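The model shown is predicted, which means the values in this text are computed figures rather than measured ones. In what follows, chains are A, B, ... by sequence order, proteins preceding strands, each numbered from 1.
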Amino acid sequence: MSKVQFLLNGQQQSVEVPPMKRLLDVLREDLRLTGTKEGCGEGECGACAVLMNGELVNSCLIPALQAEGTRLCTIEGVSTDGHLHPIQQCFLERGGAQCGICTPGMILATHQLLDKYPNPTMEQIQEGLGGNLCRCTGYMRIFESVQEAAALNPLAGK
Amino acid sequence: MRSDVTEYELSAPATLQEMLSLLAAEPGKYTPIAGGTELMVALGVGRLQSRSLLSLQHFQELRFLREEDGHVVIGANTTFTDLRRSALIAEHLPLLAQSASWTGAIANQNRGTLGGNIVNASPAADNPPVLLVYGASITLISASGMRTLDYNDFHLGYKKTQLRADELVHSVRIPLAYQGYRQYIRKVGTRNALAISKIALAGIARTEGTRIAEIRLGAASLTDRPIRCLAAEKALTGASLAADSLEATLQAGRAALAMEAKPIDDIRSTARYRSAVAENLLEEFLRSLAE
Amino acid sequence: MEELIDGIGASPLRKEGRAKVLGAARYIDDLSLPDMWHGATVRSTIARGRIRNLHFGNEIDWSEYTVVSARDIPGLNTVAHLTNDHPCLASEYINHPDEPILLLAHPSKTALHHALKAITIEYDEYPGVFTIEESEQAVAAQDAERIIWDGSQWNATANCFKTYTMYSGEGEEVEAGLSRAFEEADYIVEGEYSTGAQEQLYIENNGVIAECFRDENGDVESVCVQGSMQCPYYLVHALELVFNLPEEKCRVIQVETGGAFGGKEDFPSVIGSHAALLAMKSGHPVKLVYDRAEDMAATTKRHPSRTRLRTAVSREGKLLGAEISVAIDGGAYSTLSPVVLSRATIHAPGPYHWPFLRVKSKAMATNVPPHGAFRGFGAPQSLFGLERHMDKIAKTIGISPEELRRKNFLATGDYTATGQPLVEEVDMQKLLTRALREASYHEKIARYAEENKTSPIKRGVGFAAFMHGTGFTGSGERRLNSQVHLELLPDGRPQILVSSTEFGQGTNTILCQAAASALHLPYDLVTIAQPDTSRVPNSGPTVASRTAMIVGKLVQRASEQMLHTLSSFAALPENHTSQQFLEAARRYLAEHGTLRESVRYEPPTKIYWDDELYRGDAYPGYAWAVYVAEVAVDTRTYSATVTRFDALQEVGRVMHPVLAKGQIEGGVAQGIGYALYEKCVWKNGHMANNQMTNYIMPTSADLPPIHVHFEEVPSIHGPNGAKGIGELPMDGPAPAILNAIENATGISFNAIPLLPEDIFERVHSLGHPHGGSRELDPNTDRDTRVEETIA
């Protein structure tokens, strides 16, 4: 067992877990944050995506020990006091979420995308979300949600 | 999740020296893990053989990208995202920026490292063909010191390399010598993102008038390891791109590449397809040189 | 009256959408119960044989585990579908790879992996059959060793689960008419078309949590299963048989479901029964959730198919007659194959008038895991064959695909092949005109023909015209006899009680819209209960594009009834406000305690279906569509990609434009995957590429812009004129795409999935009989073989 500490959604956390335990399982089982989903367990679908030090990562491929000292943001940390983040609001309004199982990862991937490209082109959106599989939407409503979120983003256009 | 994680040990040595000492003390006992994008997949499906792992992901001294004596030196811990964000790479080594962008998707690129991609030694790996055509050398480090090899000699066979059990990849060194070269890369994968290549070809060439003065070709999924296509290079060096000889040059190049291609049938594609498409990509590159 | 901005035709926020974007929605793997154990399944490693010996390794302390075998089943060892041939657990004989044999439970998930590795099974292996053709050959050769399913006890024949013969009229008259048609035809065009298996690939795997309750004597009193599913009452009926319990003792609760597409229609009956057996024997709640590899290898896929058409056509392009035969691969057990085959059969003639038509169809047994429901349910298979064949006919007789279709479309007042009069407006001519215009079809045909001459990338456009029947086939809706309740909550808000489930398509939202509209209330005031069979009536399964039209209509009727009740009780004004409604509701509750309106399906009296003759009104209504695909085929990589897609459909009144577009786009994306990417690689009946890395579904970087267009012709059957929409978009993409590829390359491909390797092999094999050329020349027809009857 290893003691692993990190900053999770703004709060300091400490867990005592096997060092090779997947971060995904640490979040879901030890910390009971079930918004992060498992779709494939092999880094292919992106349902387990979280932000680590501000960068999108698949939590199913991260051994707990490597989370030591990092800053993590899961879907539970995206909204504040129950107020939806603009990205969440846009996914809700534009039909970006259907069955909802890919949605947490998709929203975090959008988060990283808009951090990097406040005003993304369609190609940048397609690439930025390329690691997040969605079987319901055909992605079109998701693209629209992202574009709408970019339009609301105060950094866009700069 | 098909493994029992309590059966695995993972630690993060405080220093690189300490890690190298551990590797040297019991060679083969430990498997180094960096970004985890390969080994953690193996863990998930219950096929991670090694029970003892050492993390090197935190060694910032292996995560660098700098210009040095007309070369770019890239530390093994450099992620694909780092490569994509580097202005130096974008300007001088565009094929590497491109291959990095094809390695998995964003989340994998944020974690996966160049060193990991090299030592994983998949014949389908995205970046080795580029390193091969760019004439890279590779520096390996161990408790007993460093050694540098021509990257051409590094891959020995299917998932077999020159890396000893007590060694880590330290860095890759690439000459900044390709101004004026025509550069080509194309990956034919199972889809446009998150794809494993069915075949990929990278090439650089220098022309003098309508002659090919120099050409280098590297391929993925064409044999059991990433390769330089030396037979095709030989057949094409000095060949003419003039309109009346282009067809003969194309045929010579295709024929030579066909001789050295030893692709396989697998779950993703067929040997026949891989060979034919590799030739087509070579032809596409050669035609672009003739324009 | 307040303005009802969220009524039918508006796009109010998805009911459970907020929880989903917050990551707060709880799916089955997010839930746990006190003292819950985990379950695992021991599966066969061979395709067919007899179990000789089960060996439990002594490295495991088996006393820690619960082990369930077929012997532990208190009721029947069967999974209830249409026939009871499908064992819940294999007891002696194995009929497909990955067939469940034993179930294990343990408090620790990890311990289960060790136990699975410690069990070895010895078999006597028997020869298997793995394709429709092998199954047919075994029957033809009377090869007893390869008769893998003896139909005699199920009122069927060897290796064949079901057959249908459908005539466009009285059988003998049609046969005589067909003979004449083929005699008099100017052209006889034949073709064979095939489609592969397709994995639903919902991002959430199948999973359930089961509990078992015992009475004071220790006897099983009831079971309760919650999980990811489409049809709670299907699982209730499965549990009744397995546990020999009455319906009310088998409780099923649907929790938030992460995609389904048919893949959670019949399969939850399997995993739900398994988990309940483990709960019974272990004395603990048991969670059974598959990982991706197990889900892909062991659960249902779309039926592979082969469709043969022989058609008689006049020189002018009039269809004179057709003989169509459809065969689907059902896998090892019958499951839903008879009804999938039924939909394939009825959709085989497409939206065309055939003076004489015979469709013969059959579902064959093979030693692969049973195939099951997947969006479209047989229709995508036979429509693929038909719509490819229509292009082939056009090419053969030398008219455009457009002209051929225009000459033969069904129209208002015509009769379908089953003799159903089209009383509601049908205007395929108008749909075709608009779809081709939206896609700039004619302009592109001309432009690409020119550009392709010099470009290594060959572009083309193609389309498919089709329809999809809404609701259960034939007498199905009458048999379902669906029921809907509408209640008042204590605060006066109405709540819908149905077993219809939400799994992304928008059930919660559109049913609330239907109620809100009928009750003259804002959408936000209407709620819908979680589907829990101890509370909700059986409104039928959530399948067959039936929820909006059939259940929506029931909700509308219940709402009208409630409004009537409250109006009579409290003299609600016609244009009441929400406040007036809530006040009336609360007063009613104060006086009567509860208000529950209940309505049942009432078949429109005009609808008639004869199961024996296979004639009559096949569906209450149809959605009609024309889809146009634009493709690019790269001659260097032999890869075809879709570069633009236009989907035009007439689905009655569009209830919720955002959800409706999402449904169409999602279906088109799955259709593109079906056509060009998604291949199940089979190895002796086992899916060899059972990983997301190797089963290739389209990513965001693989799909073209999908343009969705609606024509709205309100239907009498649905709430406010709505019809079904869910499955329709699965039917059109594959034939439209392959028609476009033929337009681009001149090569007619007749099998999907069509991968670059297939295009490559075809291009190279073309060389041999035709003198050898690597070029793709769209002007050369290398495929059509015509039986010309003109002297």
Checking B:D126 now: which residues fulfil side-chain hydrogen bond (donor to acceptor under 3.5 Å, both in side chains) with it, not counting sequence neighbours? B:K187

What's the verdict on side chain to side chain donor-acceptor pair (under 3.5 Å) for C:D634 and C:S639, showing C-alpha distance, side-chain angles and the deciding distance? CA-CA 6 Å; C:D634 190 325; C:S639 64; 5.4 Å; no

Tell me, out of B:A193, B:G46, B:S3, who's got the most heavy-atom pairs with chain C below 4.5 Å. B:A193

Taking 4.5 Å as the heavy-atom cut-off, does anything in residues 259-273 of chain B contact chain C, and if so which residues? B:I267, B:R268, B:S269, B:T270, B:R272, B:Y273

With a 4.5 angstrom heavy-atom cut-off, could you sort out which part of C:P756 is near chain B: side chain, backbone, both or neither? both

Side chain, backbone, both or neither: which part of C:D702 has a heavy atom under 4.5 Å from chain B? both

Could you check B:N110, B:N108, B:N127 and say which one makes a side-chain contact (heavy atoms from CB on, under 4.5 Å) with B:F80? B:N127

What residues of residues 688-698 of chain C sit under 4.5 Å from chain B when you count only heavy atoms? C:A688, C:N689, C:M692, C:T693, C:N694, C:Y695, C:I696, C:M697

Among residues 667-679 of chain C, which residues come closer than 4.5 Å to chain B, judged by heavy atom distances? C:Y677

Test: B:R287 and B:E291 ion pair at under 4.0 Å: no

B:R274 versus chain C, the contacting section by heavy-atom distance below 4.5 Å: neither

Which atoms of B:V277 are under 4.5 Å from chain C, going by heavy atoms: the side chain, the backbone, both sets, or neither? both

Would C:E630 and C:R459 satisfy salt bridge (charged side-chain N to carboxylate O under 4.0 Å, His left out), going step by step from the backbone distance to the final call? CA-CA 7 Å; C:E630 183 186 322; C:R459 295 182 189 276; 5.1 Å; no

Can you tell me if C:S44 uses its side chain to pair, donor with acceptor, with the backbone of C:D98 under 3.5 Å? yes

